[in-house]
Amino acid sequence: MPISQPLAPSNARLRDRARAFAIEAGDRILSEPPLDPSRGLNGFAGFALLFAALAEVTGADRFTAAMHAKLRDAALMEDRPSIGLFGGISGLRAVAALAIRSEARYSKLVAQCDAYVDRQLTEQPRKAESFDRYDLISGWSGALLARGIDAPVEPGRLAELIVWVLEDPDRWRCPHPLRPDDPPVNDLGLAHGVSGMLAALTLTLNRLEGEPARAAAQTLRELCEWRIDRGNRVVWPPVISTHLEQSYRSAWCYGAAGVLAVIHNAAVALHDGETAAFAADAMQALAAQTPDSWELEGEAICHGLIGNALCFASIASATGSAALWSAAFRVAERVMDRVSLKHYDAVGLLDGISGIALALLTLTGHTGAAWMRLFGLRPIS
């Protein structure tokens, strides 16, 4: 799957370490296939994405064959899939679309995935009972990001649904699935909340105008207003709530790292230079803090170190910030220092070694960054 190379200013030692780490990760997944993976990005489709990058980097037939095999496994699963990006059909759609560049036959699979998703969108929208209806991980936002993985798209039904949700905060106020008996909340995170919806609109549409532009601009203003200033950095709570004791993790999934990356890209898309400058400055302040202060869990993309490195690099690439590039590479080194591939249990793209490996290859310029859109991030270039 040939992908254009990013221009990340990394050094030779880091590039070599990242390449060796990723190859070892890929070989581990080949030799120890995970049990019962999903078809989406955190399962078969995500493994196919990593194997495609490894095939490009190494030219090894084993990785090319594995990429095709994992796409086939995802396509042939006997279930009624969700439209989700990380567990369902949209993850397969996104990776198959990237594979078209080297295998035109995957265009049929992409069309089948799109038709399946479209058939699930015919009913009238209603207030969400759970964030998996609209979010990036499982809902409309992730499905729209999958549609725009290879090229900007015309506003369509998915964008209409997201705009409808954003028009009224009550439409995206719902109980957290892990706390179903608690009062409903408005989720602010990139993985499950309003930041993911904003990312989907501003990263995928070929024309950000009319209702999508108005919804995006209003959401951008409100997201900035929900920040909490803590001296030398800003943070975001995971949800808007008056009854929950909240943490202030700064990760990709929740908190400042992911939210600031979304704010910056949205501000650029909406030609809001002041807000873009705020986001870049705030991300630099965050990156200057010690990693322990970010309150992360582990090293993976979702709520770990490498997810923050991707957020730093996304804005670094857009602004040319040497400080953010340096922070991204420091974090990448820290990840490789900490992770033992022989003993790391999780293997998925979102929460495990395949995501860490793909991120390292991308940050160090070994492979392209288009896949970062699937995480709501502007790709590095």
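Remark: R227 qualifies as a cation-pi partner of F278 under the 6.0 Å distance and 45° angle criteria applied to the six-membered ring.
Linking ILVMFWY residues whenever their side-chain heavy atoms come closer than 4.5 Å, directly or via other members, places I380 and L358 in the same cluster. Under the 4.5 Å side-chain heavy-atom criterion for Ile, Leu, Val, Met, Phe, Trp and Tyr, M197 and V268 are members of distinct hydrophobic clusters.
Ring-plane geometry between W325 and F329 is classed as parallel, the angle between the planes falling under 30 degrees on a 0 to 90 degree scale with a further cut at 60. Aromatic ring pairs are classed by plane angle as parallel below 30°, tilted from 30° to 60° and perpendicular above 60°; the pair H192 and Y254 is tilted.
Partners of W294 according to the ring pair (Phe, Tyr, Trp, His ring centres under 6.0 Å) rule, which considers only residues two or more places apart in sequence or in another chain, are F312.
In this structure, T275 contributes its side chain and A267 its backbone to no donor-acceptor pair below 3.5 Å. Put simply, the side chain of R378 never gets that close to the backbone of R373: no donor and acceptor are under 3.5 Å apart. With hydrogens and angles ignored, the 3.5 Å screen pairs no side-chain donor or acceptor of S314 with any backbone N or O of L310.
Closest non-hydrogen pair, A279 versus I315, comes out as O-CD1, 4.2 Å.
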Which side-chain N or O atoms in residues 219-226 pair as donor and acceptor under 3.5 Å with protein atoms at least two apart or in another chain?
{"from": "T219", "atom 1": "OG1", "to": "A215", "atom 2": "O", "distance (Å)": "2.8"}
{"from": "R221", "atom 1": "NH2", "to": "Q218", "atom 2": "OE1", "distance (Å)": "2.5"}
{"from": "E222", "atom 1": "OE2", "to": "Q218", "atom 2": "NE2", "distance (Å)": "2.6"}

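The pair D27-R62 meets the salt-bridge criterion, since a charged nitrogen lies less than 4.0 angstrom from a carboxylate oxygen. A salt bridge does not link D281 to R233: none of the charged side-chain nitrogens sits closer than 4.0 Å to a carboxylate oxygen.
When only modelled atom types and interatomic distance are considered, W371 and T362 share a side-chain donor-acceptor pair under 3.5 Å. For the residue pair E295/S250, the side-chain donor-acceptor check at 3.5 Å is not satisfied.
Each of R157, R147, R119 was checked for a salt bridge (Lys or Arg N to Asp or Glu O under 4.0 Å) with D114, and the lone residue meeting it is R147.
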